[in-house]
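One structure below.
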2 protein chains.
Amino acid sequence: MTSLPRVLTIAGSDSGGGAGIQADLKTIAALGCYGTSALTAITAQDTLGVHAVEGISTGMVKHQIQVVLGDIGTDAIKTGMLFSRETIEAVVEALGAHFGPRDRGGREKARLVVDPVCVSTSGHSLLPLEAVDTLRRECLPWATVLTPNIPEAEFLADWEKGSIRSVDDMERCASELGALGVRYVYLKGGHMPLESRQGEPGRKVVVDLLWDADTRTATKEERPYLDVKNTHGTGCTLAAAIASELAKGQPVQRAVVTAADYVAAAIAAAYPVGRGSGPVNHFHSLMPRTLSLPSPHSPTPFTDFLINYNRAAWDRYVFHPFPQGLADGSMPLDSFLHFIQQDYHFLKQYGRSNSLAAYKTDDMLQMAGSIQIVNDVIRETEMHVKYCEKYGISRAELQAVPESLSNIAYTRYVLDTSMQGDLLDARVVTAPCLIGYGHVGKRLLAAQDGVERDEEKNPYWGWIAEYGSDWYQGAVQKGIQLLEDSLVANPISPARLLELAKVFEKATLLEIAFWDAAVGADGAEMTAQRRDLPH
Amino acid sequence: MTSLPRVLTIAGSDSGGGAGIQADLKTIAALGCYGTSALTAITAQDTLGVHAVEGISTGMVKHQIQVVLGDIGTDAIKTGMLFSRETIEAVVEALGAHFGPRDRGGREKARLVVDPVCVSTSGHSLLPLEAVDTLRRECLPWATVLTPNIPEAEFLADWEKGSIRSVDDMERCASELGALGVRYVYLKGGHMPLESRQGEPGRKVVVDLLWDADTRTATKEERPYLDVKNTHGTGCTLAAAIASELAKGQPVQRAVVTAADYVAAAIAAAYPVGRGSGPVNHFHSLMPRTLSLPSPHSPTPFTDFLINYNRAAWDRYVFHPFPQGLADGSMPLDSFLHFIQQDYHFLKQYGRSNSLAAYKTDDMLQMAGSIQIVNDVIRETEMHVKYCEKYGISRAELQAVPESLSNIAYTRYVLDTSMQGDLLDARVVTAPCLIGYGHVGKRLLAAQDGVERDEEKNPYWGWIAEYGSDWYQGAVQKGIQLLEDSLVANPISPARLLELAKVFEKATLLEIAFWDAAVGADGAEMTAQRRDLPH
């Protein structure tokens with residue numbers, strides 16, 4: 001429930017979704033911040049170009065900034081397309097009104113990144129010439145970082161077009177821009193591919209340069225040159241990424257590197273959109289969460305998923321006639337004795353499986369959890385021994401009973417799954433037994449009809465009472481919590497979730513086969529209709 | 001590189017970022033679609049309310065829709081705040097121009113979800129009364145789904161406010177709205193909490209109702225009532241989610257359920273923003289990717305991470321004096337013989353570890369990959385046997401050599417890690433040996449200085465040549481590819497990545513200790529400075 005760092009973008013709208021506030025808000029979200037926006041202009045734009053522009057009134061620009069800063073606040077700001085001289089003046093006025101004079105701490109508080117959008121990638125002019133002076137004079141002194149590309153740097157510094165031809169030229173130009181009052185100039189070298197001096201001959205690189213106007217020093221970073229088509233909105237994206245990193249409290253030196261890495265990866269991960277210069281993939285750094293986080297709406301999403309993956313099998317298990325026959329006392333004694341003897345041997349292997357789970361962890365709490373289950377299993381088997389003795393089967397006779405086919409199949413499947421996989425496999429494969437017996441015990445203990453609680457009339461009631469008891473129900477709750485916690489701490493991929501759901505399903509079907517054997521039924525169908533995975 | 005389903009939102013802008021196109025674009029992205037937008041109006045809005053509204057010219061509204069549909073295209077459309085009668089007419093005109101007449105397939109192609117935004121959550125009127133008739137008459141017949149809440153349904157159906165008091169009322173009202181020409185009405189029950197008939201007494205639920213106007217049947221779904229504050233933008237979010245699901249090709253019946261699940265989880269996952277009714281958490285369904293996907297910019301991100309996690313240890317390993325002494329022939333024969341005998345025994349356990357990795361998978365390709373490594377190891381040990389025989393150590397004598405401490409420590413760590421964890425642990429713990437020997441062999445085979453290639457002068461050159469050879473280098477490339485593929489298929493959490501990096505680091509330190517023992521050094525330092533995890 002903690003809040004996220006906040007970033008305000010003041011920019012135009014790109015209907016095509018690849019640049020402008022759309023790119024900014026995507027970037028801000030992808031980098032883990034909360035984005036707000038003040039629109040300065042609307043464009044009818046697609047991947048081929050900007051087809052029309054309509055400005056927003058300066059009053060409205062100011063109003064948007066005011067309400068956002070007043071209510072939500074911000075940890076950094078990014079400006080993109082500022083549309084007109086009047087808009088720039090309105091923005092600067094709104095910044096001054098909220099943060100105080102820029103030379104008395106206002107600039108430091110605003111953490112402003114200025115992307116000097118003058119011309120779009122597609123060549124459309126996005127700022128009238130008369131506004132450029134206002135940008136230089138009024139806006140740049142507010143900027144913590146200015147992020148021009150080479151043509152923009154030449155334009156803003158009043159250099160001739162094409163006059164930056166070397167990294168030294170970049171540095172001189174950046175220093176002139178720094179003199180306009182901006183704290184850092186991050187001059188992007190993407191328009192000037194250079195031959196690398198290292199690696200394979202012919203390998204092209206670009207150099208990005210960060211000019212610190214206070215210390216008058218430059219930091220340079222060489223990056224592979226990416227000769228690609230989908231670069232629509234990269235300027236917006238980079239500036240928004242820098243603002244997001246500043247909002248997180250990163251120093252400028254680190255923010256620009258993280259932002260440039262983010263943009264490079266977004267370019268590499270682009271997918272086709274439209275017929276022209278498509279957008280980058282802003283969400284390359286995120287992936288779908290396979291399951292929702294636990295919430296009041298859905299407190300145990302992992303357990304629910306495992307059960308619902310094959311709900312029909314689960315229901316056949318927990319509503320099986322065998323425990324029902326124990327609850328109402330109608331189960332033939334032979335069936336019960338067959339079951340209780342096999343279950344005794346089952347629990348031996350179940351104890352071994354949980355011991356193996358303890359081997360699978362270095363975490364002492366997890367180890368203690370597994371060992372507690374083994375202790376509970378040992379306690380449980382004593383109940384089995386007592387039931388057998390009551391019906392004249394000695395402890396030694398019980399030990400000598402051969403394991404049935406369904407018992408061997410189930411227990412060795414559980415052991416092998418725990419051996420083959422990791423701790424989570426070991427937990428999931430033992431879960432249907434733990435949770436299912438809990439479900440059956442709780443339901444039948446509370447049932448109004450179809451139960452016989454008088455132990456004189458129903459010799460099996462103790463069995464129901466044991467699994468409905470507080471200690472067993474507590475063990476079930478602990479086991480479910482352990483499963484849910486594992487996934488919150490260590491989210492898994494859809495493929496892994498599917499694998500685990502199949503393990504849970506197979507163990508469930510083996511539970512059914514185990515009870516089928518007790519009542520003399522044919523054995524469970526080991527294949528079943530499955531539900532789709534969530535996407 | 002496949003494209004994503006596309007969704008166009010035609011709506012207003014919320015500067016606060018929680019509603020309007022901002023909420024729509026977040027929802028569309030979170031559900032795996034690509035979002036475009038046509039703005040109808042700008043609001044100065046925060047979590048406390050709508051403070052000002054400015055409309056966009058109808059020409060510009062139409063222009064945005066035209067360029068987006070013309071270049072990028074769309075698989076579904078959502079409308080939100082439509083601002084005015086003229087805007088509604090412009091939207092309908094643009095739809096007709098692109099999709100053709102609505103009653104001749106246009107409606108089916110547009111897949112339009114209409115969120116009838118009339119009043120904001122905070123009570124601000126968002127559509128003039130005179131426009132409501134136009135909405136009913138012109139827009140609704142285009143809609144595949146109309147998504148009113150209870151007050152909106154009453155308003156659109158001309159029912160008195162507060163007249164829907166039961167699920168039956170909802171159904172009657174939905175059927176009247178269906179008669180206006182919309183295909184489905186999804187009437188949201190969130191404003192009418194009901195006492196649940198199941199579960200604990202007092203538990204509140206709401207009923208969402210989907211009315212199919214063609215078959216004149218209703219489907220109802222009961223959901224837990226969420227009495228929460230952060231519901232700003234839930235209407236926009238729901239409609240955008242439905243449109244996203246339709247864009248993916250889901251049938252309406254399923255799209256509304258998925259969308260309602262998404263909204264409920266987004267409400268549950270909300271974090272504080274602003275002082276009023278905050279936004280939902282649109283990105284609850286995504287999580288940060290721990291590592292970038294492989295790209296031309298960074299083709300082996302997982303291997304790079306493992307190596308760079310403790311780069312100093314890696315460099316101490318691959319630039320160890322031992323292989324250097326073999327490359328230039330300066331290594332004393334005793335050291336070499338110590339090493340080659342221990343390495344023979346090392347490879348036995350390394351073979352067993354890779355066999356165990358084969359046990360850990362059901363995938364025949366993965367199994368074949370592991371078995372291939374075991375075959376390669378068997379081939380490698382024959383080189384060791386020949387070297388030993390050359391220096392008068394028989395095969396039987398070699399077998400009888402006791403394992404050294406550093407050998408036992410390393411091999412049993414590898415075996416135990418493979419046993420304790422899953423296939424990926426088994427692959428990572430064996431990777432430093434595979435990749436490191438490949439690095440050393442490749443580098444020294446190509447080295448200009450400090451090598452002696454004449455086997456008369458340097459008896460060890462064959463060892464270097466073996467690990468620099470194409471077959472060994474090919475095995476290394478296959479091993480790296482296997483590692484990278486595992487992570488693309490099955491992304492892991494930051495905690496798991498850290499665990500694996502520590503395994504890789506420990507095996508690297510054990511490699512150093514192994515070579516230290518050969519040259520009679522003290523044994524490696526088993527702790528080392530680690531770099532930060534990527535955030």
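Because only heavy atoms are used, hydrogens play no part in the values below, and waters and symmetry mates are left out as well, while side chains stay in. Bear in mind the structure is a predicted one, so any value in this text is a computation, not a measurement. Each chain gets a letter, A, B and so on, in the order its sequence line appears, and its residues count up from 1.
- Only the side chain of A:Arg223 comes within less than 4.5 Å of a heavy atom of chain B; its backbone N, CA, C and O stay farther away.
- Heavy-atom distances place both the backbone and the side chain of A:His63 under 4.5 Å from chain B.
- Of the two parts of A:Ser37, the backbone and the side chain both hold a non-hydrogen atom closer than 4.5 Å to a non-hydrogen atom of chain B.
- In terms of non-hydrogen atom pairs under 4.5 Å with chain B, the most contact-rich of A:Ser493, A:Gly17, A:Ser292 is A:Ser493.
- Looking at B:Ile42, the atoms closer than 4.5 Å to chain A (heavy atoms on both sides) sit in the backbone and in the side chain alike.
- No side-chain heavy atom of A:Lys360 sits less than 4.5 Å from a side-chain heavy atom of A:Arg427.
- Residue B:Ala426: no heavy atom, backbone or side chain, is found under 4.5 Å from chain A.
- Taking 4.5 Å as the limit, some side-chain heavy atom of B:Lys248 sits within range of a side-chain heavy atom of B:Cys33.
- A:Tyr359 touches chain B through backbone and side chain together, each having a heavy atom under 4.5 Å away.
- A:Leu31 places none of its side-chain heavy atoms less than 4.5 Å from the side chain of A:Val7.
- Neither the backbone nor the side chain of A:Asn281 comes within contact range of chain B; no heavy atom of the residue lies under 4.5 Å from a heavy atom of that chain.
- Looking at A:Ile56, both its backbone and its side chain come within 4.5 Å of chain B, counting heavy atoms on both sides.
- Nearest approach of A:His282 to A:Ala30, heavy atoms of both residues: O-CB, 3.3 Å.
- Residues A:Val67 and B:Ser15 meet the side-chain proximity criterion, which asks for heavy atoms closer than 4.5 Å.
- Each of A:Pro301, A:Pro491, A:Pro494 was evaluated against A:Thr290; a single residue qualifies, A:Pro494, per the side chain to side chain contact (heavy atoms under 4.5 Å, CB included) test.
- Using a 4.5 Å cut-off between heavy atoms, A:Ile65 does not touch chain B at all.
- Highest contact tally toward chain A, considering only B:Met419, B:Met287, B:Arg6, is held by B:Met287 [criterion: heavy-atom pairs under 4.5 Å].
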Between B:Thr258 and B:Gln250, does the side-chain hydrogen bond (donor to acceptor under 3.5 Å, both in side chains) criterion hold? Intermediate values first, please. CA-CA 10 Å; B:Thr258 305; B:Gln250 295 295 332; 5.9 Å; no
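- You'll find the side chain of A:Ile492 reaches within 4.5 Å of the side chain of A:Leu424, heavy atoms only.
- The side-chain heavy atoms of A:Gln420 and B:Asp362, taken from C-beta on, include a pair separated by under 4.5 Å.
- Between B:Lys502 and B:Glu499, none of the side-chain N atoms (NZ, or NE/NH1/NH2) sits under 4.0 Å from a carboxylate O, so this pair counts as no salt bridge.
- Of the atoms belonging to A:Asp14, it is backbone heavy atoms, and not side-chain ones, that fall under 4.5 Å from chain B.
- Per-residue heavy-atom pair counts under 4.5 Å with chain A were compared for B:Leu25, B:Asp46, B:Val273, and the maximum is reached by B:Asp46.
- Most heavy-atom pairs under 4.5 Å with chain B, from the set A:Leu226, A:Thr361, A:Asp71: that is A:Asp71.
- For A:Ser57, the parts sitting under 4.5 Å from any heavy atom of chain B are the backbone and the side chain alike.
- With respect to chain A, the highest number of heavy-atom pairs below 4.5 Å among B:Val61, B:Leu356, B:Leu8, B:Thr43 belongs to B:Thr43.
- Within the 4.5 angstrom heavy-atom criterion, no atom of B:Ile267 approaches chain A.
- Counted by atom type alone, A:Asp75 and A:Tyr34 present zero donor-acceptor pairs between their side chains at under 3.5 Å.
- For the set A:Asp261, A:Leu39, A:Thr9, the count of heavy-atom pairs under 4.5 angstrom toward chain B peaks at A:Leu39.
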